[in-house]
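Quick caveat, the model's predicted, so the values are computed rather than measured. Side chains are part of it too, since the values below use all heavy atoms of this structure and drop only hydrogens, waters and symmetry mates. First the proteins, then the strands, lettered A, B, ... as listed; each starts at 1.
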Number of protein chains: 2
Amino acid sequence: MSKPAPSVRELIREHYSALTQSERKFANSLLENYPAAGLASITIVAANADVSTPTVARMVQKLGFKGYPQFHQALLKELEAQVSGPTKRRENWAAEAPEGHLLNRFAQAVTDNLGQTFSNLDYEQFDLAVQQLANTEGRLFVVGGRITRALADYAFTHFQAIRQRVTHMTSSSATWPHYVLDMEAGDTLLMFDVRRYETNLQRLAELAAERGVKIILITDQWASPITSVAQHTFNCWVEIPSAWDSNISTMMLLEAMIAATQEEGWDETRERYERLDELFDMTRLFRKFS
Amino acid sequence: MSKPAPSVRELIREHYSALTQSERKFANSLLENYPAAGLASITIVAANADVSTPTVARMVQKLGFKGYPQFHQALLKELEAQVSGPTKRRENWAAEAPEGHLLNRFAQAVTDNLGQTFSNLDYEQFDLAVQQLANTEGRLFVVGGRITRALADYAFTHFQAIRQRVTHMTSSSATWPHYVLDMEAGDTLLMFDVRRYETNLQRLAELAAERGVKIILITDQWASPITSVAQHTFNCWVEIPSAWDSNISTMMLLEAMIAATQEEGWDETRERYERLDELFDMTRLFRKFS
DNA sequence: CACTCCATGAAAACATTTTTCCAAACTTGG
DNA sequence: CCAAGTTTGGAAAAATGTTTTCATGGAGTG
C-alpha cells in the first residue's frame, strides 16, 4: 500500500459535515464504543444506535466503503493492528498522536489535575456552596483576576441564565468600591483567585466580608490568602508543564457548580431558559428580515 | 448474572483436550490474534485458520455456544468491556461523594468528553494550526459567540502574553466590520462557535475568508457551518446531562494550543514573559508569590 | 486385510444479513 | 403556507452467512 489507509475514526471526522442527523447518531454511537459498536451485524448495530439499517448502510457508503461488510472488515483490521502492533496496548486517549507529542503530555497533566481536584473536593461544602449560589434572596456578584476574568465572565453568562440578580464585577478594580457600596448581608460573592494572587482581590474580599457577604472562593492548590475570609474555599490543581497554569480543573469545578445550581432550582430555571430561548429566536427573526 | 461468565479464552483452555486436530488449528489461530480472528464471519474465520466452516461450527458448540452468532457476540462483549476499562480509572476520583451525586455524574460526562475529543483530534492538523498561530507575520484575531466569548477572552489574554499583534474582537458584532476592514491575507482568525451557531459569526467568517484570512475554528462535535470556510476545524465533545453544553474539552483544546504555540516560539516568548513580569511588578498591582 | 470409527469438508438446505426501492415525514426557501 | 428537495425507515429482493446432511478417506484394531 502506498497510502497508509485512514482509520474509520478519521473517515468519520473527515465526512462528518456531510452526514445527516441520523447518520451522525450512528457515528457518535460508534465513536462512543469504538470499535466494538461497529463489529456486530448491521441490524444489531443500527438498533443499538436507534437508527434504521438503511441509514447505516448509506453512511458507510458515504465514508467510502462499498458496503457494510467492507466497513466491518476495515474496523477489524484496525483492531488487529492495534492488538498485534508494536505498541502493545496504547491508551485510548490521543491514540493517534506520536509518543511524546505535546498533546499526550498535556492530556496526562490535565487528567492528573482533574483527578487531584476531584479527590480533594469536599462534596458537603460543595453542596452548601451550591445552596448559597441558588439562593436568590441575596444578590450574586462574580469577580476574577487578570487571568480568571474569563472564568468569571463564563460564570456570569451561565448564572445570569439560571437566576436573577447576578452582577459581573469588571476586572477594572477602580470600579469595585461602587459595587461594595451596594452589597448587603446575605449577598454572595463568587471569587476566582489563582496565583499570582492579586492584592486588589484580597482587599475586595475583606471589604465584602465586613459587610456580611458570603464569599465562595475558587483558587489553586496553594490557596489564595482570601481563604481566611471566605465561607467556602475550593482548591483546583493547575500545574502543567508550561510557564503558566492550566485552568481546566477550575473550569470543571465551575461548570459542576453551575450544573448543580441549576438542578437546585430547576422549576424556576426552566422557565427562565424557555423565555431566553424565545428571546433569541425573536432576535434571529429580526435579522432575517433586515 | 450470578456466574461471572468465563471468557472465550478460558473456555478454549477448558475444552482444549476435547477438541479435534482441526478444531485446535482454529483455536490456535484465534488465540494468536484474539479476539479479532473471531469477529468476522464464520466463512472468513474458517478460511483464515485453513479449516472448513463445519469445523468451526462444531467447535463453538463444544465450547457451549448454541451457534456461531452466539460465540461472535460473546467475543464482542469481552472487547467492549475491555475498552471501557481504562475509563473506569475515574472511580478513584470523587470516591467520597455518594453514588449518583451530581459530582460523580458530572465527572463521568467530562471524562468521556475529554476522551472523545482527544481521540478525534487530528494531531497533524493541530500542529499546522499551531504553526499558524505562532506566525507573527500576520495578525491574530480572536472571536467567540455568546457563550464562547469567555473562551475567546481567555485565549486573548494568553496569546497576548505569547506573541505580538493579537486582537480580541469584542462580541458586539456591530463593530466587526471595522476589524474586517483591517484584515489582510496572511492574517489568522481564531473562532469559537458552538451550538446554537450564530449567523453573525458565519457572516464574519465568510467575509474574512474572502480577504484571504486563515480561519482556525474550534467548534462542537456537531460542527458549526463555518467549517466550510475554515482552514482548520477542531471538534470538541460538549454533551453533559444538563440543559447547556460543557466547554471543558473546548477549554482543554484551547490550552493545548496555547501551550504548543508557546513552545513553538519559545525564545521570543520567554523574553515577553520576563518583560511582562517586570511590568506587573512595577505597577505593584500583583503581589509576587509562588 | 477387512472392518469400524470418526474426523473432515463439499454441498445442499436453511437462516440471516445486506441492499435496494419506495413512500411517508420532515426541512427549507420562496 | 405551499412546493421542491431531503431525510428517514419499512419492506421486499438479493446476497451472504450458518447449519445440517452426507460421502469420503484415514487411523486404529482384530
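Across the protein-nucleic acid pair, B:Tyr68 atom OH and C:dA15 atom C1' stand 16 Å apart, rounded to whole Å. A straight line from NZ of B:Lys66 to P of D:dT20 spans 8 Å, rounded to a whole angstrom. Atom-to-atom, CG of A:Asn48 to P of C:dT17 comes out at 13 Å; the value is rounded to the nearest Å. Atom P of nucleotide C:dT18 and atom CZ of A:Phe65 are separated by 15 Å, given to the nearest angstrom. With rounding to whole Å, A:His72 atom NE2 is found 11 Å from C:dT17 atom C1'. The distance from atom CD of A:Gln21 to atom C1' of C:dC26 is 10 Å, rounded to the nearest whole Å. In this structure, B:Arg58 places its CZ atom 12 Å from P of D:dT19, rounding to the nearest Å. Rounding to whole angstrom units, CZ of residue B:Phe71 and P of C:dT16 are separated by 19 Å.
Across D:dG9, C:dG9, D:dG17, the shortest atom-to-atom separation from the side chain of A:Val51 is found for D:dG9. Checking C:dG9, C:dT19, C:dT8 against the side-chain heavy atoms of B:Ser22 singles out C:dT8 as nearest. Minimum atom distance to the side chain of A:Thr53 is reached by C:dT19, of the listed C:dT19, D:dG9, C:dG9. For B:Thr20, the side-chain atoms get nearest to C:dA7 when compared with the rest of C:dT19, C:dG9, C:dA7. With distances taken from any side-chain atom of A:Pro54 to the nucleotides C:dG9, D:dA11, C:dT18, the minimum falls on D:dA11.
Side-chain atoms of A:Asn28 and A:Glu32 include no donor-acceptor pair closer than 3.5 Å. With 3.5 Å as the limit, one finds a donor-acceptor pair spanning the side chains of B:Tyr154 and B:Glu255.
Distances shorter than 4.0 Å separate some side-chain N or O of A:Ser41 from OP1 or OP2 on C:dT17. Of the side-chain N and O atoms in A:Thr43, none sit less than 4.0 angstrom from OP1 or OP2 of C:dT16. One finds no side-chain N or O of B:Ser52 lying less than 4.0 angstrom from the OP1 or OP2 phosphate oxygen of C:dT8.
Among the atoms of the strands shown, only primed sugar atoms or phosphate atoms (P, OP1, OP2) are found under 4.0 Å from some heavy atom of A:Gln61.
Remark: aromatic rings of B:Phe126 and B:Tyr123 are distant, center separation not under 6.0 Å.
Using a 4.0 Å cut-off between charged nitrogen and carboxylate oxygen, B:Arg105 and A:Glu263 count as a salt-bridge pair.
No more than 12 heavy atoms of other residues, nucleotides or ligands lie within 6.0 Å of CD in A:Gln21, so this atom counts as exposed by the packing criterion.
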